[in-house]
There are 2 protein chains.
Amino acid sequence: MKNTSYHNFFMNFANKTKLDIILALKEKPLSVNEISEKINEEQSKVSHNLKALKTCHILDMERKGKKRIYSLNKETALAILNIVEKHVKKNCPFRCEKCKKK
Amino acid sequence: MKNTSYHNFFMNFANKTKLDIILALKEKPLSVNEISEKINEEQSKVSHNLKALKTCHILDMERKGKKRIYSLNKETALAILNIVEKHVKKNCPFRCEKCKKK
DNA sequence: ATAATAAATGAATTGCTATTCATATGAAAA
DNA sequence: TTTTCATATGAATAGCAATTCATTTATTAT
């Protein structure tokens, strides 16, 4: 897969920082600094991760003065998250250790 | 995310070998060697990847003689794949280079 | 024009995931 | 009960992705 859109697409959900960003934007669009504060991560780290998310169209961006406001592509993101939640509820009722480890 | 079920869950779709396995099992259940031949990957590599997929309940396994038959959890896997296809069609109509690279 | 604020970028490095290779286990056939 | 077939497993390494840190770019206010 390496070098395909599938790989990049799923990496956006597999990485903690990226998923934190996605969850942070569920409620409403935010600027980079607002995201940074909300998820408690350094600005440049957030920016790098935003870029990947935006490249895959998981996020949209809109300039507003010197700020850049990022918003979630809910159609895709919420659909994906819903499936996982459903999957976990059905298949991992006890949150087994195996799942948590490796 | 590291150390959570979300991380592991999505890594199963982000990795080429694992996704190849998933796609190989869309049609029908297969033994390890059958998968190995179908996707043209070494047996131990396949086994390692099967383990991760099974741990996350993306696959089920059933013993049959000395063989082990793996089958796809279609409810989850197909749902996920459908969303991605839809997403790509809608957002990446030209399969832009950005998406393919990094 | 300059300073201040907001965010992006590049390069180096860290850290983790995936693969590889050798070996072990387990079931069935001879 | 030994061999063979099918698969799993462990440990070392290879190969990436993510983070960090310093710097740059862009916008607005003074």
Side-chain angles (χ1 to χ4, degrees), chain A residues 1-22 24-25 29-56 59-71 98-102, chain B residues 1-22 24-25 29-56 59-71 98-102:
Chain A
M1 186 91 317
K2 178 111 301 271
N3 281 335
T4 82
S5 44
Y6 274 74
H7 173 77
N8 291 334
F9 180 87
F10 286 113
M11 287 307 257
N12 290 318
F13 293 89
N15 175 263
K16 171 173 167 43
T17 309
K18 294 187 180 72
L19 187 59
D20 282 350
I21 291 174
I22 289 170
L25 294 173
L30 296 172
S31 71
V32 177
N33 277 325
E34 286 169 335
I35 295 170
S36 194
E37 282 165 31
K38 188 162 183 180
I39 70 173
N40 204 38
E41 297 280 6
E42 187 214 351
Q43 177 264 317
S44 102
K45 182 175 176 178
V46 171
S47 275
H48 279 295
N49 281 281
L50 285 171
K51 189 182 185 179
L53 287 158
K54 187 163 160 289
T55 297
C56 286
L59 304 184
D60 285 327
M61 188 267 280
E62 168 196 22
R63 287 166 197 249
K64 197 154 196 178
K66 34 181 138 174
K67 300 195 175 176
R68 298 188 183 197
I69 308 298
Y70 285 84
S71 59
K98 275 185 198 173
C99 291
K100 289 178 189 162
K101 279 184 200 165
K102 171 57 201 293
Chain B
M1 187 90 314
K2 178 113 301 269
N3 280 338
T4 81
S5 44
Y6 273 73
H7 172 76
N8 291 335
F9 180 87
F10 286 112
M11 288 307 256
N12 290 318
F13 294 88
N15 175 261
K16 172 174 167 42
T17 309
K18 294 187 181 73
L19 186 59
D20 282 350
I21 292 173
I22 289 171
L25 293 173
L30 296 172
S31 72
V32 178
N33 277 326
E34 286 168 334
I35 295 169
S36 194
E37 282 164 32
K38 187 162 184 180
I39 69 172
N40 203 39
E41 296 280 6
E42 187 213 352
Q43 176 266 315
S44 103
K45 183 174 174 177
V46 171
S47 275
H48 278 296
N49 280 283
L50 285 170
K51 189 181 185 179
L53 287 158
K54 185 163 162 290
T55 296
C56 286
L59 304 183
D60 285 329
M61 189 268 279
E62 169 197 19
R63 289 167 195 248
K64 197 154 196 179
K66 33 180 139 174
K67 300 195 175 178
R68 297 188 183 198
I69 309 298
Y70 284 86
S71 58
K98 274 186 199 171
C99 292
K100 289 177 189 162
K101 279 184 202 163
K102 170 58 201 296

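Remember, it's a predicted structure, so these values are computed and weren't measured experimentally. In what follows, chains are A, B, ... by sequence order, proteins preceding strands, each numbered from 1.
Contacts of S31(B) with the nucleic acid, taken as non-hydrogen atoms under 4.0 Å apart, involve only primed sugar atoms and P, OP1 or OP2. At a threshold of 4.0 angstrom between heavy atoms, the contacts of K64(A) with the nucleic acid are absent.
Closest non-hydrogen pair, L19(B) versus Y6(A), comes out as CD2-CD2, 3.7 Å. A pairwise comparison of heavy atoms in S47(A) and V32(A) identifies OG-CG1, 4.0 Å as the closest pair. Taking every heavy atom of both residues into account, L25(B) and Y70(B) meet most closely at CD2-O, 3.4 Å.
Of the possible donor and acceptor atoms, one in the side chain of S36(B) sits under 3.5 Å from a partner among the backbone N and O of E41(B). Counting only distance, with no hydrogens or angles, the side chain of K38(A) and the backbone of A24(A) share a donor-acceptor pair below 3.5 Å.
Listed nucleotides: dA8(D), dT19(D), dA8(C). Nearest to the side chain of V32(A): dA8(C). Across dA6(C), dA8(C), dT20(C), the shortest atom-to-atom separation from the side chain of K45(B) is found for dT20(C). In the set dT19(D), dT7(D), dA7(C), dA7(C) carries the atom at the smallest distance from any side-chain atom of R68(A). The listed nucleotides are dA8(C), dT5(C), dT9(C); the one nearest the side chain of K66(A) is dT5(C). The nucleotide whose nearest atom lies closest to any side-chain atom of R63(A) is, among dA18(C), dA7(C), dT27(D), dT27(D). Here the side chain of S44(A) is nearest to one of dT19(C), dC21(D), dT17(C), namely dC21(D).
Look at CG on N33(A): it is 14 Å from C1' on dT27(D), rounded to the nearest Å. Between the CD1 atom of I69(A) and the P atom of dA26(D) there is a distance of 19 Å, given to the nearest Å. Put simply, CG on N15(B) is 15 Å from P on dG15(D), counting in whole angstrom units. Here the P atom of nucleotide dT5(C) and the CD atom of E34(A) are 16 Å apart, to the nearest Å. Atom C1' of nucleotide dA17(D) and atom NZ of K16(B) are separated by 19 Å, given to the nearest angstrom. Atom NZ of K67(A) and atom P of dA29(D) are 12 Å apart (whole Å). Computed from coordinates, the M11(B) CE to dC16(C) P distance equals 12 Å when rounded to whole Å. The NE2-P distance, from H7(A) to dA18(D), rounds to 7 Å in whole Å.
Within residues 35-42 of chain B, the residues that place at least one heavy atom under 4.0 Å from DNA chain C are, in residue-number order, E42(B).
Here S47(B) does not reach the OP1 or OP2 of dT9(D): none of its side-chain N or O atoms lies under 4.0 Å away. For dT19(D), one of the phosphate oxygens OP1 or OP2 lies less than 4.0 angstrom from a side-chain nitrogen or oxygen of N49(A). At least one side-chain nitrogen or oxygen of Y70(B) sits closer than 4.0 Å to the OP1 or OP2 atom of dA8(D).
Ring stacking holds between H48(A) and dT9(C), with the centres under 5.5 Å apart and the planes within 30 degrees of each other.
When the shell of 6.0 Å around NZ of K51(B) is examined, it contains 12 or fewer heavy atoms from other residues, nucleotides or ligands.
For the residue pair N49(A)/K18(A), the side-chain donor-acceptor check at 3.5 Å is satisfied.
Exactly one of I21(B), D20(B), N33(B) qualifies for a side chain to side chain contact (heavy atoms under 4.5 Å, CB included) with V46(B). That residue is I21(B).
Side-chain to base pairing of Q43(A) with dA8(C): one donor and one acceptor N or O lie within less than 3.5 Å of each other.
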